[in-house]
Number of protein chains: 2
Amino acid sequence: MMEKHGCECCAGRSPAEPDGVKTYCPVETTLGLIGGKYKALIVWRLMEGPLRFSQLSKIVKCASPRMLTRQLRELEADGLVSRRAYAEVPVRVEYSLTRMGESIYPILAAMYRWGSGYLAEQGKSVGCAMRPPQDEPAGSSGL
Amino acid sequence: MMEKHGCECCAGRSPAEPDGVKTYCPVETTLGLIGGKYKALIVWRLMEGPLRFSQLSKIVKCASPRMLTRQLRELEADGLVSRRAYAEVPVRVEYSLTRMGESIYPILAAMYRWGSGYLAEQGKSVGCAMRPPQDEPAGSSGL
DNA sequence: CTGAATCCAGGAAGATACTG
DNA sequence: CAGTATCTTCCTGGATTCAG
């Protein structure tokens, strides 16, 4: 996934070094994980607890089933989301965050806060399907 | 730039609300600003001080002049980078961060740290043209 | 030195219809 | 309910060439 050419400058998404050892840029990696369409929103909402496919569909209203499935599959392959199917009738599938997925919350929250400030400075108004982040435990709020 | 359709769920990159008021998702906005190719690397390196076009070319080795120019122009249009041309012969152009551009550093640093942990857990090795982030002032290191 | 102009390929994403 | 299957469009980014 995301295989590119192999140059030390953009060693982000999986270049091959001359000696055959692949290296990755942490920032590009992180961006690649949550940069996909709806991914940030999906992860954000799953922070509150597991959701099933139909519930996610309502949250990410404009995503076609195909897109939603793809994003979820990628998040699953990347180890941020886990999928659990229940053998019931009708079928029930629940998506939840892995511990790795949960651990990315501070970054999303930081982006939310910084983005809000940026938008304010640009004279634009905030409005999205995410809910504002909870205040962090004292000490990290200074980010 | 980045005009899309207009749905409250993906109200990230500039949807039009029914009443004509555009709203934006802070997280999508932030991702849009640094998500472009080489943008994170460019901003990261400019943290250390202004750089001219040729210097950036050496840092972002695999970027063609066209791409580098485009990324820089977008960063400039978004208010993160400022461009200064000196009427000399030969021409000299310096790029530097605006205050808004500098203010995004904690987010990049947080992504660097989280991404490093993620890569470690995946058994992959880190290696990129960025330099590891400096330690933050005590208190915010707990991000 | 710092780009601009042009052309092109590949992947991401949208629309629509269908299924176990 | 929770997806798949196709087809198409769009946009990002790459390669190359030329210019002030």
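Per chain, numbering begins at 1; letters A, B, ... match sequence-line order.
- Residues of residues 88-95 of chain B that place a heavy atom closer than 4.0 Å to DNA chain C, in numerical order, are B:P90, B:V91, B:V93, B:Y95.
- Rounded to whole Å, atom C1' of C:dA12 lies 18 Å from atom CZ of A:R73.
- Note on B:R52: only backbone sugar-phosphate atoms sit closer than 4.0 angstrom, heavy atoms only; bases stay farther off.
- Put simply, A:S54 has a side-chain N or O that comes within less than 4.0 Å of OP1 or OP2 on D:dA2.
- For the residue pair A:I107 and B:A110, the shortest heavy atom distance occurs at CD1-O, 3.5 Å.
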Determine, stepwise, if the pair A:S125 / B:T23 fulfils side-chain hydrogen bond (donor to acceptor under 3.5 Å, both in side chains).
CA-CA 5 Å; A:S125 36; B:T23 58; over 6 Å; no
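- Taking atom CG of residue B:L72 and atom P of nucleotide D:dG13, one finds them 13 Å apart after rounding to whole Å.
- Between the CE atom of B:M67 and the P atom of C:dT2 there is a distance of 18 Å, rounded to whole Å.
- Atom CZ in B:R70 sits roughly 9 Å away from atom C1' in D:dC11 (whole-Å rounding).
- A:Q71 comes within 4.0 angstrom of the backbone, heavy atoms only, and of no base.
- When all heavy atoms are compared, the tightest approach of B:L46 to B:Y95 is CD2-O, 3.3 Å.
- Summarising the geometry, the separation between OH on A:Y38 and P on C:dA13 is reported as 8 Å, rounded to the nearest angstrom.
- The separation between A:E28 atom CD and D:dT12 atom P is 16 Å, rounded to whole Å.
- Using a 4.5 Å heavy-atom threshold, the side chains of B:S57 and B:L68 count as touching.
- Between A:L51 atom CG and D:dG3 atom P there is a gap of 13 Å when expressed in whole angstrom units.
- The listed nucleotides are D:dA5, C:dA4, D:dG14; the one nearest the side chain of A:R66 is D:dA5.
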Carefully, step by step, assess A:L33 and A:K39 under the rule side-chain contact (heavy atoms from CB on, under 4.5 Å).
CA-CA 8 Å; A:L33 294 183; A:K39 280 186 185 175; over 6 Å; no
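- For the pair B:R84 CZ and C:dG3 P, the interatomic distance rounds to 15 Å; values are reported in whole Å.
- Partner of A:R45 under the side chain to side chain contact (heavy atoms under 4.5 Å, CB included) criterion, chosen from A:R131, A:M130, A:Q55: A:R131.
- Within a 6.0 Å sphere centred on CZ of B:R83, other residues, nucleotides and ligands contribute more than 12 heavy atoms.
- Distance from the side chain of B:T69 is smallest for C:dG3 among the nucleotides C:dG3, C:dA12, C:dT16.
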